[in-house]
Every structure is written in structure tokens, then in C-alpha cells.
Amino acid sequence: MNKKLVGTLALCAILSSSMTAVAVKAVDSKTIDALANVETSAPGQPVDLTYAAEKATNSVVFIKVTVNSKQQEVQYFDPFGFFDDFFGNGGRGQRQQQETPKRQGSGSGVILTNDGYIVTNNHVVADADEILVKLNDNREFKGRIIGTDKDTDLAVIKIEAKDLTPIKVASSDDLKVGEWVLAIGNPYGLTSTVTAGIVSAKARSLHSQNPVESFIQTDAAINPGNSGGALVNANGELVGINAMLYSQTGSYSGYGFAIPTTIMNKVVADIKDFGSVQRALLGIAGTDVSNYIDQQKSKGKDVDLGTVSGVYVSEVTSDGAAEAGGLESGDVILSVDGKKIEKFGELQEILATHHPGDKVKVVYLRNKKEHSTTLVLRNAQGTTEQIQNVDSDTMGAALRPLSDEEKQELGLRYGLVVSNIKAGKMQEAGITKGIIIMQVNDKEMRTVDDFYDAVKAANMSTDRVLWIRAKTQSGRNLSFTVELGDIKEDAAPAKKKK
């Protein structure tokens, strides 16, 4: 039962007793003061949420994003072979430049510091060319992206302001199923909207596009525009960032999902300190034990793992932390660092709070016998070092797409021109000004974003190599190998940004 409610009932019991004076004398002065300060609720209401709403609303902002119009290539297909006859391209059609319309969208964010750091969802700001942040007092500021993390769908933006009202952050670990929460945000552009509900479940995995999922599920109404807003407890403290809703219509139908603050705190700190999230991996693929048992039953197989909860290890990746620690396919993880694991989302939430190089104690079952091991967590590259961002300065090249005139003159359908070059990874590989980059790691280069997406993917891989196919202005084919492996300092942790 809620502690405040217990205190209220206790006070009522004392005051309604026929031995009121005796009862009061039997209680010390500190207890009387505590009981007198308890917030009472209106009849028929289980808890008063007005305090929480008043405390947290000024910390939630309205975010308006603008995506400018852009030129993009669209391929037209001809099922009747018209283009095959006239252009000789095997019926694949032709590509034409098309200008995308200017788009605007909106979401929410939560103020974390009084000098303007704000957390929101990655999907709210990821493609934004302009960000406008409106406070609850109607002041407006331009926002800039500090960093984003697609895996957890979180982002940090900054506005140049002082004396803001940061929200108090609580640990989502302390949340209990059935506890009252408020969702605060800007659904459908309706600013400063508050809805109430309870925590319906924790560590929920939805198997959506996010690789890291351990959602707080709530029946507080969450609608489009609530993304990035605050989920707060009855004390007005942040416990989650509203991120998703479950609906077949696109509107609220009973369930919303928030990213817990245990994950948010780590992501925000990494973005501010290192510029990117330092994700620690166990090196396994797996599922809830209950899911695995159900899958086997559907195949007519009876399974006895010695437990009906935990994480079933379906695969152990080579050169990962789990393999080094002796885990095998078929094992069942029961706990990590003394925390009981009942489902995969709980394991992900624990790992999301760690860095590469951290040691964790894992208790697991093998053939229904309990074992334990200590694992040294690794990053996506299979090392224990911090991963540095790879940006345009590191690569040392300025790129732009071929113009329509250049495509016609050179007989090319796409490509990126190296418009300038300086000391960096590209120059070290022998790339010079004027070279046209056609493919990187077998991906066609049509936009500058295509290039840096390929760079990011390679940097997060174990190989950390770019295989570049290019052409000269005269049409001669070239190939280059760009090594990304020595971007970070050897055997040294990443330096925090100031």
C-alpha cells in the first residue's frame, strides 16, 4: 500500500478513536508531525496526482522539427519493356531526380539540466534540419542535436538557456507493477497534456526496430506527439521516457511504452561524455525461457530445462564475452550480478547500464545444474575499449553528390565527388580531390548520408574497413581500402568531452 495512504489511514484511525487523547499521547512528536504533513486524497481517489503534475509539467517541452525539401533519385520500373527498348537497361526503368516536400513534425522532451540539456526520442529529431523548443512558459529556443542513439531510440539536444526547471530523476528499478504514473507531453500538438495510469508491466520486449528494449508498459494514455515526453511517478520524478504506443489505428488503445531511466541515464551520460553510446555486449542470442518452451511445445517436443524463467541461450557468438567465460548454447541465464533474470528484457536493461570492460558475475543452468562465471563485457568490435565516433574531420574529405550535368557528361547514374581533401583517413588511403566514389562496402553512394551510414556500420564491425570502388573523371576504375582500426587511442579509454 502507498506509504502516504498508510499514514493517512493511521491518522484517521487515531483521530476517530474514542480514546483519541490517550492515542495521541502514545505517539511521539516526530510521528505526529509526519502524520500531519501527509497529503490526503479526495474521497474515492486512490492517490492525489496534482502534486506530481504541478512539479513535473514545467520540465516537459514541446519540440517542433522541420525537415527541408531534398533532391532524391526515384527509380521508375516499366513492366512492358519501354525503357529496355529505348535505354537498353534490361527493363529496370530509369532514375529521375525528385524533390521531397518540406515536412514538419512534433514531439516532446524532458529538461535534465538548468543550462538546457534535454532528452527526447531519436525518432523525434533524427532527420531534423531545424529544431524549435517551446517551454511550458511559452518561451522558444532553437535546439541542436548533441547526440543520438538509434538502438535505444534516445537523443540529447541542447538549447542555449539558463535557470530552467530540470526534472528530478528517479530510478526506474524502484517502480512496481500497479504503481500510479503520469504521462506528460504534447499529443497532437496539445501542449502540456497530462494523463494518468498505472505501471502495467516492466522489462517488456516488443521485438520492434529497437535492438535494445526493456520498456515500462503503462495504461496512461500515450498518443502521437507524446514521444520523448516524461513518465513520472506520484512524486513527480522521472521514471521513463515515453516512446511507443501499441495500436492498430495509430492512436491510443490501452497500452503505452516508456524507456526506463536506468537505460536513459547511461545513454545520456555516454553521449555527453564520449559523443556516442559505449554499448557493452554479452555476446549471445537468446529468448525468454517461457518463449523457448512454448516454441518447442508447438513442435511437439517436451522440454525440461530445470526452470521456467530466465534467458535461454540459443547462440554464443565467436570471440565474445560469453564464449570467453565458458557459456554455451542451451544454457539458461538465471542472474547477473545478483539480480534475478526472468526475461530477456531484464537482461538487456542490466547490460545497458554497463560499459565495455566491465566485469559481471553470471549464474546459469546447464543440464539443470547451476554454475557461475565472471564475464568481461565487450563492445561490438569484440574489444573492451571505448569506441570513438568517426566524423568528417576524421575522414578528412568533403563530399557532394554528382550534379545532373555531371551525370550526363560522365555517363553515371550516381556517385559522390570528393570536392576537397585534407589530412585524414581518406588521404592516407590515396584518395584525391575529384575522385568519384561509387560504392562503399558494396553499397551504392547516392547521398552523403549513404557514405557516413556505411562508415558508421564499418566502425561498429569487427573488421573496421571501408572497401571503396571509385572512378576518375576520365572514367578509369579505382579501388581503395580505408582502415578505421586505429582511430581510437591504443589501449586507452575514451576521453570525455568537456
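Just so you know, these numbers use all the heavy atoms, side chains as well, and skip hydrogens, waters and symmetry mates.
To the nearest 0.5 Å, the span separating CG on Leu365 from CG on Leu305 amounts to 8.5 Å. With rounding to the nearest 0.5 angstrom, the CD1 atom of Ile241 is 7.0 Å from the CD1 atom of Ile259.
Listed for the Asp270 side chain is no donor-acceptor partner under 3.5 Å among the backbone atoms of Val277. Here the side chain of Thr120 pairs a donor or acceptor atom with the backbone of Ser108 at under 3.5 angstrom.
Counting heavy-atom neighbours within 6.0 Å of Asp127 CG, excluding the residue itself, gives a total of 12 or less. By the 6.0 Å contact criterion, NZ on Lys343 is enclosed, its count of non-hydrogen atoms from other residues, nucleotides or ligands being greater than 12. At most 12 heavy atoms of other shown residues, nucleotides or ligands fall within 6.0 angstrom of atom OH in Tyr255. Within a 6.0 Å radius of CZ in Arg400, other residues, nucleotides and ligands contribute more than 12 heavy atoms.
At a threshold of 4.0 Å, the pair Arg144-Glu160 counts as salt-bridged, since one of the basic side-chain nitrogens sits closer than that to a carboxylate oxygen. Remark: Lys339 does not engage Asp337 in a salt bridge, criterion side-chain N to carboxylate O under 4.0 Å.
No side-chain heavy atom of Arg378 sits less than 4.5 Å from a side-chain heavy atom of Thr383. Between Lys150 and Asp153, the closest side-chain pair of non-hydrogen atoms is not below 4.5 Å.
Taking the six-membered ring where the residue is Trp, Tyr292 and Tyr312 present parallel rings, their angle staying beneath 30° rather than reaching 60°.
The nearest pair of heavy atoms linking Ile157 to Ile63 is CD1-CD1, 3.8 Å.
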